[in-house]
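Working notes for the structure below.
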Amino acid sequence: MAINKNHEFEDLDGVKCAVVEKNISKDRVDFLKPLLESNGYTVIVVASAAPKASPAAAPAAEGAPAAPPPPPAPETFTLGVTDVMFNATNAVFGRLLKTGDGHIVTLAYWRQQEKVAHDQIPYYENK
């Protein structure tokens with residue numbers, strides 16, 4: 001059981017995992033999976049559960065055009081690591097993750113706002 005919302009656990013493919021992110025796109029999976037694996041974590045990705053269906057609409061009056069069917073829900077995934085001590089917030093802000101080329105993963109890089117991770121000196125070490 002999670003202590004708070006930032007540290008969730010789930011059984012993914014029958015393995016107890018720390019959830020890194022839920023309901024993410026395939027592009028996000030393609031970014032996070034190699035990053036976490038290069039840092040020594042075993043990553044498990046499963047398709048997220050389909051959203052609950054809304055109640056059926058009332059039948060249309062005779063002669064009225066039928067309502068179009070709703071668009072299909074986008075395919076999303078849940079990504080977790082088998083190390084249940086892993087917490088994404090602590091890993092990013094604790095500067096524990098590195099990119100493949102050895103740079104420290106920053107928050108902007110984690111959020112994919114920057115294409116390249118730039119090592120930033122923490123404000124308290126800046127003289």
Side-chain angles (χ1 to χ4, degrees):
M1 182 167 141
I3 294 174
N4 61 35
K5 196 74 175 156
N6 294 329
H7 201 166
E8 295 182 345
F9 303 96
E10 231 178 84
D11 284 335
L12 303 177
D13 282 344
V15 179
K16 186 76 162 186
C17 295
V19 174
V20 177
E21 288 189 10
K22 286 184 171 185
N23 299 323
I24 58 174
S25 67
K26 179 73 172 132
D27 292 336
R28 184 78 174 143
V29 170
D30 293 340
F31 171 76
L32 288 176
K33 187 174 180 184
L35 177 66
L36 292 169
E37 286 176 341
S38 69
N39 281 279
Y41 294 102
T42 303
V43 178
I44 297 179
V45 179
V46 297
S48 295
K52 295 180 181 177
S54 60
E62 196 171 316
E75 187 176 7
T76 59
F77 300 91
T78 299
L79 185 137
V81 294
T82 56
D83 181 0
V84 293
M85 298 292 292
F86 181 81
N87 181 315
T89 304
N90 291 345
V92 171
F93 287 105
R95 303 169 57 88
L96 304 175
L97 297 175
K98 293 190 177 194
T99 62
D101 58 356
H103 292 285
I104 293 175
V105 172
T106 60
L107 182 61
Y109 184 78
W110 179 263
R111 291 181 176 169
Q112 291 182 279
Q113 295 168 339
E114 292 180 350
K115 298 284 184 198
V116 179
H118 300 286
D119 292 339
Q120 296 175 344
I121 299 173
Y123 73 93
Y124 53 84
E125 290 182 5
N126 199 5
K127 295 180 183 177

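In this structure, the separation between CD on Gln113 and OG1 on Thr106 is 9.0 Å, given to the nearest 0.5 Å. Here Glu114 contributes atom CD and Arg111 contributes atom CZ; the two are 11.5 Å apart, rounded to the nearest 0.5 Å. Rounding to the nearest 0.5 angstrom, the gap separating the OG1 atom in Thr82 from the CG atom in Asp13 is 12.0 Å. Annotation: the span from Ile44 atom CD1 to Lys33 atom NZ amounts to 9.5 Å, rounded to 0.5 Å. Annotation: the span from Leu97 atom CG to Leu36 atom CG amounts to 6.5 Å, rounded to 0.5 Å.
Within the 4.5 Å cutoff, the side chain of Lys16 has heavy atoms near those of the Val84 side chain. The shortest distance between side-chain heavy atoms of Thr42 and Val81 does not fall below 4.5 Å. At least one side-chain heavy atom of Glu75 sits under 4.5 Å from a side-chain heavy atom of Phe77.
Here the closest heavy-atom approach between residue Val29 and residue Ile24 is recorded as CG2-CD1, 3.6 Å. Of all heavy-atom pairs spanning Leu35 and Asn39, the tightest one is O-ND2, 2.7 Å. A pairwise comparison of heavy atoms in Asn90 and Leu96 identifies O-CD1, 4.0 Å as the closest pair. Across all non-hydrogen atoms, the minimal contact from Thr78 to Ser48 is OG1-OG, 3.2 Å.
Cluster annotation: Phe31 is not connected to Val46 through the hydrophobic network of ILVMFWY side chains, with a link wherever side-chain heavy atoms come within less than 4.5 Å. Put simply, Tyr41 and Phe93 are part of the same group of oily side chains (I, L, V, M, F, W, Y) that touch within less than 4.5 Å, one to the next. If you chain together hydrophobic residues whose side chains sit under 4.5 Å apart, Leu32 and Leu12 never meet in one group.
Figure legend: cation-pi geometry between Arg95 and Trp110 absent, as NZ or CZ is not positioned both under 6.0 Å from the six-membered ring centre and within 45° of its axis.
A salt bridge is defined here as a Lys NZ or Arg NE, NH1 or NH2 lying under 4.0 Å from an Asp or Glu carboxylate O, and Arg28 with Glu21 meets this definition. Classification of Glu8 and Lys22 as a salt-bridged pair holds, one side-chain N sitting under 4.0 Å from a carboxylate O.
In this structure, a donor-acceptor pair under 3.5 Å is absent between the side chains of Asp27 and Ser25.
Under the 6.0 Å cut-off for aromatic ring centres, Phe9 and Phe86 do not qualify, their centroids lying 6.0 Å or more apart.
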